[in-house]
Participant: 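Would you mind keeping the following structure in view while I ask a few things?
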2 protein chains.
Amino acid sequence: MADVARSAGVSLKTVSRVINGVSTVDVAMAARVRDAAGQLGFRANFAASALRSGSSSATIGLLIKDLSNEFYATIASGVAEVARAHQTQLITAHSGENAEDEMEAIFDLCRRRVDGLLIVPTGGNHSALRSEIDLGIPMVFLDRNPVGLDADSVVIDNYAGARDATLTLISEGHTRIGVLVDTLNMPTMRQRVEGIHAAFAAAGLPWDDTLLSTNVRGPAEASIAVERLLSLSVPPTAFFCGNNRSSIGALRTLWEQRRTEALVAFDDFQLAELMPRPFRVLRYDNRALGTLGAELLFRRISGEIFDPVTVVLSTELCPRGIQNFQ
Amino acid sequence: MADVARSAGVSLKTVSRVINGVSTVDVAMAARVRDAAGQLGFRANFAASALRSGSSSATIGLLIKDLSNEFYATIASGVAEVARAHQTQLITAHSGENAEDEMEAIFDLCRRRVDGLLIVPTGGNHSALRSEIDLGIPMVFLDRNPVGLDADSVVIDNYAGARDATLTLISEGHTRIGVLVDTLNMPTMRQRVEGIHAAFAAAGLPWDDTLLSTNVRGPAEASIAVERLLSLSVPPTAFFCGNNRSSIGALRTLWEQRRTEALVAFDDFQLAELMPRPFRVLRYDNRALGTLGAELLFRRISGEIFDPVTVVLSTELCPRGIQNFQ
DNA sequence: TTGAAAGCGCTAACAA
DNA sequence: TTGTTAGCGCTTTCAA
């Protein structure tokens, strides 16, 4: 900048004024400055500017597990859209393998003075983030509430969704329902299973724990779990899949064996309606996790003061798969 | 930081040393500093540190169209993985509606002094980026080569892929192939169509332009296009879809009408193998667009000098959909 | 309207 | 090992 000022024969401040296009500058002078800047390949340094003026970094952070998973990618897409509307850049960081990595990633983003943080937590305790929030970096949690910290969040109504879907299955005459879930360490999964239990209790039906397959991490495990359940002496007449990854494995196995058991699956997914057998999904507004979370965050960033909010997204049972399959 | 220094009774520089954990500092002194820092809620300012030390921003930018599209999300996921391995944060910016927005987004990232840029270009001329590259911000282009600029890129072998797949169809006896593509303004689409033309020419077959449907933007348009082609007096006996969005619409229509025409589609997609009819995809390593591009970028960032490189990813024809459909 | 000086938060270079 | 000084690139403050 000093070079530009010298070359244009003006002061530093004049260059600054021209670059920022704020206060009026003599037209000829401004032209000289612009010429010099062009000549010298001058590029404003955003960080230096923000440092001195104390303005914000115009950046928010998103902490997420895995962009190659449709669920997370859709959240990121929603966040990106809102960030863009606020002329804010988005840093997407990966939470890594464990709670420690996740915290490290969060602290890194705080050092970078992001204006705010959206976090899809993977585990651990978040009480250490209290100080960061108090120091002025608001955080909104997505898909799961923070642990040990009272902060904004946008979550899905896992409990009621699972309970109501199970009640629907029960009303259709099913009394034995095979359940496939990922690790019960995930609160979301626990909530879904609790909803199923609640439905059985409400219907006065006994719950048989042998029908619960846990640690179903993906489609392959889901296939195995379905086969195990089908081979029981009294097999289930319906299946409940805890997430879309397990439902894909279950669908494949049920289709391959031409089984007609009912299937209800948490999470909608692309092309679900072209699956080769009918089933139902518990869908919710996946993208809204990102958009509502980001909007909440920007309210905080703008300085609005309000008690921590938890937005709960409701679910809806929808038919999927090819119905008139032959 | 000054507060910390005062509170700990040491100099600024000592605080700096403790924070950065580099050169040895007296243990008791370091403890005092850490105490004071904790007490006062001190948080290092990454930007200020980078400004003074002239170190990099440890950030790269990715310019991409739409994270909710599997193709782009997979690229982003690959980039994120490599960025993480290089302890670098990733800013994902959206290219917006037109070439102007795209340029604006790029310049914004340059002002932020990202270490490098990965760009999935949507159009326009990139010669204006020459100066940014020369000023030290390397750029790698993904999926499409830059226009008016000699720079690194990672692209797919659209021409050969389409040509070879078409030759396969021809060798199976097809002489009339319905083709569905998005706008031919996209070079990738043009290359695919050119590959098809080349196959027809090589086989000595005439090309009938009425079999080409352009501006097929999504599944719905694809369905309409397939119906139009099927209603021709001499309809095609096979279909070639230019991308996965059109193949989904084509698949649906062909399945609904229980048509047995062959279908070849550019781009693999999740769950393709569970589609209710057999077809083939031209698959390639989607994720490698991101990983190879990012690795190339980090070589540039590390200061390695080499002539601009174009990495071409080959394609492979793979069966998809349920084969023993009944 | 323009410019000089000071300083944002931090660290390099040097001195003690 | 510790501290002092200067200054990264920019903008604020205030005087001209």
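In what follows, chains carry the letters A, B, and so on, assigned in the order in which the sequence lines appear, proteins first and then strands, with residues in each chain numbered from 1. Computed from a predicted model, the values in this text were never measured in an experiment.
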Participant: OP1, OP2 of D:dT4 versus side-chain N and O of B:Ser11: anything below 4.0 Å?
Facilitator: no
Participant: Considering only D:dT11, D:dG3, C:dC10, which nucleotide approaches the side chain of A:Leu12 most closely?
Facilitator: D:dT11
Participant: Take B:Lys13 and A:Phe46, find for each the nucleotide of DNA chain D with the closest heavy atom, and name the residue whose nucleotide sits nearer the 5' end.
Facilitator: B:Lys13
Participant: Taking the nucleotide of DNA chain D with the closest heavy atom to each, which residue, B:Ala48 or B:Met29, is nearer the 5' end?
Facilitator: B:Met29
Participant: Whole Å only: how far is the CG atom of A:Asp3 from the P atom of D:dG7?
Facilitator: 15 Å
Participant: Main chain of A:Ile64, side chain of A:Ser95: is a donor-acceptor contact present, judged purely on distance under 3.5 Å?
Facilitator: yes
Participant: Of the options D:dC10, D:dT13, C:dT2, whose atoms approach the side-chain atoms of A:Thr14 most closely?
Facilitator: C:dT2
Participant: Measure from the side chain of A:Arg52, starting at C-beta and using heavy atoms only, and say which of C:dG7, C:dG3, C:dA12 lies closest.
Facilitator: C:dG7
Participant: Would you indicate, yes or no, if D:dC8 has its OP1 or OP2 atom less than 4.0 angstrom from a side-chain nitrogen or oxygen of A:Asn45?
Facilitator: no
Participant: Considering only D:dT12, C:dC10, D:dG3, which nucleotide approaches the side chain of A:Ser53 most closely?
Facilitator: D:dT12
Participant: Go through D:dT4, D:dC10, C:dA4 for me and flag the one nearest to the A:Phe42 side chain.
Facilitator: D:dC10
Participant: Counting only heavy atoms not in B:Glu304 (residues, nucleotides, ligands), do more than 12 fall under 6.0 Å from its CD?
Facilitator: yes
Participant: Check every atom of D:dC10, C:dC10, C:dA13 against the side chain of A:Met1 and return the nucleotide holding the closest atom.
Facilitator: D:dC10
Participant: Please report, rounded to the nearest Å, how far the P atom of D:dT4 is from the CZ atom of B:Arg6.
Facilitator: 13 Å
Participant: Would you indicate which nucleotide in C:dC10, C:dT2, D:dG3 comes nearest to any side-chain atom of A:Val25?
Facilitator: C:dT2
Participant: Compute both the distance and the angle, then confirm whether B:Arg299 meets the cation-pi test with B:Phe306: under 6.0 Å from the six-membered ring centre, within 45 degrees of the axis.
Facilitator: yes
Participant: Which of parallel (below 30°), tilted (30 to 60°) and perpendicular (above 60°) describes A:Phe298 and A:His86?
Facilitator: parallel
Participant: Given C:dG3, D:dC8, C:dC10, identify the nucleotide with an atom nearest to the side chain of B:Leu51.
Facilitator: D:dC8
Participant: Measure the distance from CZ on B:Arg112 to P on D:dG9 and round it to the nearest whole Å.
Facilitator: 19 Å
Participant: Verify the contact: side-chain N or O of B:Ser16 to OP1 or OP2 of C:dC10, cut-off strictly under 4.0 Å; return yes or no.
Facilitator: no
Participant: Quick one: which of D:dC10, C:dG3, D:dT1 gets closest to the side chain of B:Asp26?
Facilitator: D:dT1
Participant: Tell me whether A:Arg112 forms a cation-pi arrangement with B:Phe46, defined as NZ or CZ under 6.0 Å from the six-membered ring centre and within 45 degrees of its axis.
Facilitator: yes
